[in-house]
S.K.: 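Dumping the structure here so I can ask a few things about it.
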Amino acid sequence: MTIVRDDAAQARGGEAPVHSRSDPHRTGPEGSPGREPPSLATLFWTHAMVGATGFGGSIVWLRRLMVEERGWLTAEEFNNGLSIAQFMPGPNVFNLIAAVSRHLRGTTGMVVSSIAIMTVPLIFVLILGMLYARFGDVPAVKNAMQGIAPVAAGLMLSFGLKTAAAPSLRNPIALVAVLTFVAVVFFRLSLPVVLATMGPLGVLMASRRVR
Amino acid sequence: MNEASLIDLAVEFSILSVLSFGGMTSALTEIQRVVVEHHQWMDARTFADLYGLGYAMPGPNVLVVSLIGYHVAGIPGALVATLAMAGPSALLAMLVVLVWDRFQGARWRRVIQAGLFPVIVGLALSGGCLITVAAAHGPTAYLLTAVTAVVVLKTRLSPLWLIALGAILGLSGIL
């Protein structure tokens with residue numbers, strides 16, 4: 001996998017090997033000592049910003065916010081939350097917010113963050129929906145979006161590479177990542193099928209390695 | 001609109017919420033079946049337009065559902081549909097995490113975590129590649145994608161500048 005520049009937050013938490021996950025101080029339900037969780041107001045406005053700017057998938061921007069900019073979560077905590085979020089049904093942004101909420105003011109934090117992340121885009125999209133209902137199409141918006149789409153793609157790519165740079169992704173388990181990639185990109189298998197096959201395969205391989 | 005359609009929206013999207021493994025993208029076919037064929041809330045063309053609109057916007061891709069709700073029952077419809085789609089699955093995820101946390105340090109938990117993570121990596125990388133191809137309308141678009149990826153990986157510059165650049169290029173007709 002590609003080597004990507006480690007940022008401070010990733011270096012702090014990301015390098016813990018798989019078998020040292022048992023340290024209760026690392027990811028206790030109340031969050032880790034020494035790391036003050038953000039206030040509800042902070043959660044609201046930062047998530048509102050992510051919602052307003054989240055081109056290319058809000059999860060990309062959530063990682064940037066939580067791991068890189070604010071250091072609320074270590075890369076490893078984020079990755080664990082993301083794993084749960086992806087394997088559970090439903091829109092994975094909200095699953096992710098729910099899955100990491102124990103580090104970020106619990107259920108209240110989850111509700112505040114979820115509402116915040118939807119507020120601005122909902123207003124945006126409802127205005128556009130009204131315009132659509134009246135005019136059918138909005139060419140200027142379409143043109144701007146056409147230019148933004150490649151940028152969003154670049155963001156998503158960099159997110160993939162950063163995720164792949166996690167130290168816990170070592171041989172031979174990295175093979176599962178490659179197989180997943182091939183299954184999606186070249187065989188166009190549907191996501192539920194990929195999750196149902198690659199998930200158990202990964203767990204099977206991990207069960208031989210993790211002590 | 002009427003209360004009956006609000007209840008329909010709430011019921012249909014709550015069911016979709018807890019059944020849509022793989023998130024919004026894989027739920028789309030089923031959403032289309034429910035919205036276009038079963039309830040006939042809109043025709044296929046309108047569905048495709050709303051879908052495009054929802055995906056082009058910033059923010060969570062559940063916005064597609066918000067737009068459908070809006071189309072069916074105005075602003076209350078948008079709110080009901082969004083909450084129904086995002087709420088039940090998020091609660092489920094929260095419950096799973098609660099159980100998960102009780103097994104802090106258990107071997108099976110570490111095995112599952114270590115086993116699922118490479119799948120997430122594969123999905124993230126393939127998502128990036130598929131979106132790159134879908135967004136590309138020519139060499140300039142590929143170049144912009146590559147520049148964005150490098151800038152985000154190598155510098156601390158906020159991606160918002162790149163978003164703005166993309167919007168300007170799009171509006172000026174270069175892309």
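Every value quoted in this text rests on a predicted model; they were computed, and no experiment measured them. Chain letters run A, B, ... following the sequence lines, proteins first and then strands; every chain starts at 1.
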S.K.: At a 4.5 Å cut-off on heavy atoms, which part of B/A78 comes close to chain A: side chain, backbone, both, or neither?
M.R.: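 Contact with chain A: side chain only.
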S.K.: Which atoms of A/M205 are under 4.5 Å from chain B, going by heavy atoms: the side chain, the backbone, both sets, or neither?
M.R.: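 It is neither, since no heavy atom gets under 4.5 Å.
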S.K.: What part of B/L79 gets within 4.5 angstrom of chain A, counting heavy atoms only: side chain, backbone, both, or neither?
M.R.: side chain
S.K.: Would you say that A/R64 contacts B/P159 through its side chain, given a criterion of any heavy-atom pair below 4.5 Å between the two side chains?
M.R.: yes
S.K.: Against chain A, label B/A136 side chain, backbone, both or neither, depending on which of its atoms sit under 4.5 Å from a heavy atom there.
M.R.: neither
S.K.: Does any backbone or side-chain atom of B/W100 lie under 4.5 Å from a heavy atom of chain A? Answer side chain, backbone, both or neither.
M.R.: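 Looking at B/W100, just its side chain touches chain A.
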S.K.: Has the side chain of B/T145 got a donor or acceptor atom that lies under 3.5 Å from a matching backbone atom of A/P150?
M.R.: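 Checked: pair present.
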S.K.: Decide yes or no for A/W61 and B/L160: does some side-chain heavy atom of the first lie under 4.5 Å from some side-chain heavy atom of the second?
M.R.: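 A side-chain contact exists here, since the closest heavy-atom pair is under 4.5 Å.
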S.K.: On a heavy-atom basis, which atom in A/P91 and which in B/S89 lie closest, and how many Å separate them?
M.R.: CD-OG, 3.5 Å
S.K.: Is any side-chain heavy atom of B/V152 closer than 4.5 Å to one of A/K162?
M.R.: yes
S.K.: Give, as side chain, backbone, both or neither, the part of B/V119 having an atom under 4.5 angstrom from any heavy atom of chain A.
M.R.: both
S.K.: In terms of heavy-atom proximity below 4.5 Å to chain A, should B/I131 be classed as side chain, backbone, both, or neither?
M.R.: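 Both the backbone and the side chain of B/I131 come within 4.5 Å of chain A.
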S.K.: For B/S172, is it the side chain, the backbone, both or neither that has a heavy atom under 4.5 Å from a heavy atom of chain A?
M.R.: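 Interface part for B/S172: neither.
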S.K.: Relative to chain A, which segment of B/L67 carries a heavy atom at a distance below 4.5 Å: side chain, backbone, both, or neither?
M.R.: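 Only the side chain of B/L67 comes within 4.5 Å of chain A.
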S.K.: Taking CE in A/M49 as the centre, count heavy atoms belonging to other residues, nucleotides or ligands within less than 6.0 Å. Is the count above 12?
M.R.: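 No, CE of A/M49 has 12 or fewer neighbouring heavy atoms, counting only those of other groups under 6.0 Å.
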S.K.: Can you tell if the side chain of B/L123 reaches within under 4.5 Å of the side chain of A/V194, non-hydrogen atoms only?
M.R.: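 Of all side-chain heavy-atom pairs linking A/V194 with B/L123, at least one is under 4.5 Å.
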S.K.: Is the closest side-chain heavy-atom distance between A/M118 and B/V62 below 4.5 Å?
M.R.: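 SC-SC contact between A/M118 and B/V62 confirmed.
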S.K.: Heavy-atom distances under 4.5 Å only: say whether B/L98 touches chain A with side chain, backbone, both or neither.
M.R.: neither
S.K.: So, B/R110 side chain and A/A206 main chain: donor-acceptor pair closer than 3.5 Å or not?
M.R.: no
S.K.: Where is the tightest heavy-atom contact between A/L157 and B/A149, given as atom of each residue plus distance?
M.R.: CB-CB, 4.4 Å
S.K.: Please flag which part of B/I168 lies under 4.5 Å from any non-hydrogen atom of chain A: side chain, backbone, both or neither.
M.R.: neither
